[in-house]
Amino acid sequence: MLTASTVSSTAVQDLLSHCKTLGHIKQLHAHILRTVSDHRRSSFLFNLSSSSSSININYSLSLFSSIPSPPEPFLFNLLLRNLSRSDEPRATILFYQRIRHAGGRLDQFSFTPILKAAAKVSAFFEGTELHGLALKIATLSDPFVKTAVMDMYACCGKIVEARKVFDEMPQRDVVTWNTMIVRYCRCGFLEEAFELFEEMKCSNVMPDEMILCNIVSACARSGNTGYNSAIYEFLKENDVRMDAHLLTALVTMYAGAGCMDIAREFYTKMSVRSLFVSTAMVSGFSKAGRLEDARDIFDRMEKKDLVCWTTMISAYAESDHPEEALRVFDEMCRYGTEPDEIALGSVVSACASLGVLEKATWVHEYTHRNGFESSLTVNNALINMYAKCGGLDAARGVFEEMPTKNVVSWSSMINAFSMHGEANDALALFARMKQEHVEPNDVTFVGVLYGWSHSGLVEEGKKIFASMTNEYNITPKLEHYGCMVDLFGRANRLPEALAVIESMPMAPNVVIWGSLMSACRVHGEIELGELAAKHVLELEPDHDGALVLMSNIYAREERWDDVRKVRRGMEEKNVLKEKGVSRIDLNGESHEFLIGDKRHKRSDEIYAKLKEVVSELKLAGCVPDCGSVLVDV
DNA sequence: TTAGGGTTAG
């Protein structure tokens, strides 16, 4: 490549700029060493070789020794920058130590890359040293250096120190504000981030799209929907430029908060839509109960990944469309996307709400064939699925064979026993759980209390409920109070059930009042039943059970005008008593039964058998409950 | 001859 010994300085520069490989640089270097005595040449070569791609970094570092000491900052700043941006940011700090060792001095341009590297690798010790050095040589007045110092502290987990540097800055621009806001967000100090954002607006610094992007994502994470409309107004009023990052953050926030029309407004503004943002839309629509809109976005997506398929599957599984969930799952498998444990968890819960034991068994076998037999998520879902499909033994089988169990596994199994009326087994399992030192959580207690309430063991139930706060430090939730109302209600201890409702720290919902109402109906407690029904109707004016109960109470008291009023109201609003459907799947065929239903082809045989069972029950001393018979009078 | 900031789905 180089033959003449008289290459000029400009020619060297020209050749260097054309060096494409490390080999070229080495050739040139050798030539310079042979022909050029001026020591500035090696510095020059060092500098240029530092400036380009990462292949030169090691070479540049080795060249550094040939630079006469003390080196000038302009010589190594470029290499510091490249090192700090490389995959090995720690090398920046090592190189900085070499510079100091060689007696080199830093200028304000040297600090930022070293501090950035210190931030990346959390080198708090070196970072603090640099802070001191910056103070000493007065470069700390430079806003760039100050921002980098601040960021270094924040990245090393010293958010208070970072804020101190921030507060001491005489002037702050939009980057300074953003850096502090971002660091607060990363530490989870969202309120501090919002406060700073407000302060920033007051100090007449105009937020740009990066700041807004962070604030929007902080809003999304905080779950504080109070900011959502304020942000929307701000964007409209200030005509903020929106790039893909900001739009993504906006769509995610509004979709997460269920404001789907606003989310869609931003989503349609995007020219390129990532998988993330589209999946956020699918998820948002499905959580808002708008399954068709979710499906529409889903169908329009050109590329789909596992997360996106899973979102659609769980959307159907959780909104009582289990058949569709399984169809989407089949489609996903046909497209060659392998399910993971989260996807399978959704499929299993779809089977649970389908209530079809046959399908459940198939999914169970599928999970085992595909290597998920040890998966906690899948096995926990299988326990719930079998419990809901009536397969208590199968649920127990899954539970016992699990190589590792967590609190969810135990709670699911306890709940499975309770659901099937096996209170003793539920309580025995709870005792075993304690023996094995697994800490129960609030869900565990729902299962346990449910078991007690159905077994009529009132005193034990009271003790367990008290132990939640006294022994386990778990604050009872609405569901736990509901179980207690149920417990007293079933045991015909209605005043105590009412006392539970009155002692609740939160407002009772329809389920709670409904539970008391049903207990009053069963035990013929008219006055309290009326009170409970009135509360139910306050919360849900069309509640069929409460309306029927009210009309029955009035009928019993021969208040026929009131009966007619309630009945007419129900007819006008088209409130029909919801009828419970029972379904059994047998040999691939589905059989449905309604109250008084004679559609089944073997209806006669079924009713004959029913008659037989009822007479046997009567012989055993069971008396039918006629409390609801008035319903159909 | 060079410097500081961002988002994201089950």
Side-chain angles (χ1 to χ4, degrees), chain A residues 43-44 47-48 50-51 72-82 84-85 106-116 119 139 142-152 154-155 165-166 169 172-183 185-186 207-221 242-253 255-256 263 266 270 273-287 294 297-298 301 304-315 317-318 328 332 337 339-347 377:
Chain A
S43 319
F44 175 65
N47 198 342
L48 274 177
S50 325
S51 66
E72 289 301 309
F74 75 84
L75 270 177
F76 50 72
N77 284 347
L78 209 56
L79 183 57
L80 280 172
R81 187 194 70 181
N82 286 338
S84 75
R85 290 177 184 172
L106 307 178
D107 67 4
Q108 79 259 38
F109 297 112
S110 327
F111 279 95
T112 38
I114 313 170
L115 284 162
K116 192 177 174 181
T139 49
D142 186 298
F144 286 80
V145 177
K146 255 199 171 132
T147 307
V149 168
M150 183 181 98
D151 203 29
M152 178 276 297
C155 290
V165 176
F166 177 85
M169 286 174 80
R172 304 177 192 113
D173 64 7
V174 70
V175 178
T176 325
W177 286 98
N178 191 37
T179 308
M180 196 64 229
I181 288 173
V182 167
R183 293 308 164 211
C185 292
R186 296 266 161 91
D208 64 3
E209 65 267 30
M210 282 200 200
I211 294 246
L212 285 163
C213 188
N214 288 310
I215 289 296
V216 167
S217 101
C219 286
R221 276 202 289 157
M242 295 204 208
D243 60 9
H245 288 302
L246 179 53
L247 284 168
T248 301
L250 283 166
V251 171
T252 316
M253 176 180 78
F266 291 116
M270 300 182 81
R273 292 161 188 152
S274 67
L275 256 172
F276 285 110
V277 80
S278 297
T279 308
M281 287 294 287
V282 174
S283 160
F285 271 132
S286 66
K287 279 184 195 135
I297 302 267
F298 179 78
M301 289 172 74
K304 296 183 178 82
D305 67 355
L306 181 59
V307 177
C308 154
W309 283 105
T310 312
T311 309
M312 201 64 240
I313 294 169
S314 359
E318 283 158 23
V328 177
M332 177 184 101
T337 306
D340 65 357
E341 52 180 357
I342 303 176
L344 282 173
S346 295
V347 172
T377 315

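Every chain is numbered from 1, with letters handed out A, B, ... down the list of sequences.
Across all strands shown, A:T176 has heavy atoms under 4.0 Å from base atoms, whether or not it also approaches the sugar-phosphate. Here A:K304 lies out of heavy-atom contact (under 4.0 Å) with every strand. Across all strands, A:L246 comes closer than 4.0 Å to base atoms (heavy-atom distances). As judged by a 4.0 angstrom heavy-atom cut-off over every strand, A:R186 is placed among residues touching the sugar-phosphate backbone only. Using a 4.0 Å heavy-atom criterion, one finds that A:L306 contacts the bases of the nucleic acid, with or without backbone contacts as well. Within 4.0 Å of A:I181, counting heavy atoms only, lies no atom of the nucleic acid at all. Counting non-hydrogen atoms under 4.0 angstrom, A:R85 reaches the backbone sugars and phosphates but no base. Residue contacts for A:N214: at a heavy-atom cut-off of 4.0 Å it reaches the sugar-phosphate backbone alone, with no base atom in range. The residue A:A343 sits close to a base: some heavy atom pair falls under 4.0 Å. Note on A:V175: a base of the nucleic acid sits closer than 4.0 angstrom, heavy atoms only. Residue-level contact check: A:V174 touches the bases, meaning some heavy atom is under 4.0 Å from a base atom.
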Between A:K287 and A:S283, is a side chain to side chain donor-acceptor pair (under 3.5 Å) present by the stated rule, with each step listed?
CA-CA 6 Å; A:K287 279 184 195 135; A:S283 160; 3.2 Å; yes
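Checking A:S217 against A:N214 by side-chain atom types alone, no donor-acceptor pair falls below 3.5 Å.
Scored by the side-chain contact (heavy atoms from CB on, under 4.5 Å) test, A:C219 finds A:F194, A:I215, A:Y227, A:N228, A:I231, A:M253 as partners (sequence neighbours excluded).
Between the base of B:dG4 and the side chain of A:T147 there is a donor-acceptor pair shorter than 3.5 Å. Between the side chain of A:T179 and the base of B:dG5, no donor-acceptor pair of N or O atoms lies under 3.5 Å. Side-chain N/O atoms of A:N178 and base N/O atoms of B:dG4 include no donor-acceptor pair closer than 3.5 Å. A donor and an acceptor atom sit less than 3.5 Å apart, one in the side chain of A:D340 and one in the base of B:dG10. Side-chain to base pairing of A:D151 with B:dG5: no donor and acceptor N or O lie closer than 3.5 Å to each other.
Per the geometry, CG belonging to A:D243 stands 9 Å off C1' belonging to B:dT7, to the nearest Å. As rounded to whole Å, 18 Å separates atom P of B:dA9 from atom CZ of A:R273. A straight line from CZ of A:F166 to C1' of B:dG4 spans 13 Å, rounded to a whole angstrom. In this entry the distance linking CE of A:M152 with P of B:dG5 reads 14 Å, nearest Å. Following rounding to the nearest Å, A:I114 (CD1) and B:dG4 (P) show an atom-to-atom distance of 13 Å. Per the geometry, CD belonging to A:Q108 stands 16 Å off P belonging to B:dT1, to the nearest Å. If you take CG of A:L247 and P of B:dG6, they are 19 Å apart, rounded to a whole angstrom. In this structure, the CE atom of A:M281 is 12 Å from the C1' atom of B:dA9, given to the nearest Å.
Nearest nucleotide to the A:D142 side chain, out of B:dG6, B:dG10, B:dA3: B:dA3. Taking only side-chain atoms of A:C213, from C-beta outward, the nucleotide of B:dT7, B:dG4, B:dG10 with the closest atom is B:dT7. Considering only the side chain of A:L78, B:dT2 comes nearest among B:dG5, B:dT2, B:dA9. Side-chain proximity of A:N77 to B:dT2, B:dG5, B:dG4: nearest is B:dT2. Checking B:dG6, B:dA3, B:dG10 against the side-chain heavy atoms of A:F109 singles out B:dA3 as nearest.
Nearest heavy-atom pair, A:S314 versus A:S346, reported as atom, atom and distance to 0.1 Å: OG-OG, 3.3 Å. Considering all non-hydrogen atoms of both residues, A:A255 and A:A280 come closest at CB-O, 3.6 Å.
Counting only residues at least two apart or in different chains, salt bridge (charged side-chain N to carboxylate O under 4.0 Å, His left out) contacts with residues 207-217 of chain A comprise A:E209-A:R241.
OP1 and OP2 of B:dA3 both lie 4.0 Å or more from every side-chain N or O belonging to A:S110. The phosphate of B:dA3 (OP1 or OP2) has no side-chain N or O of A:K116 nearer than 4.0 angstrom.
A heavy-atom distance below 4.5 Å is not found between the side chains of A:L115 and A:D151.
Here A:F144 lies parallel enough and close enough to stack on the base of B:dA3, with planes under 30° and ring centres under 5.5 Å apart.
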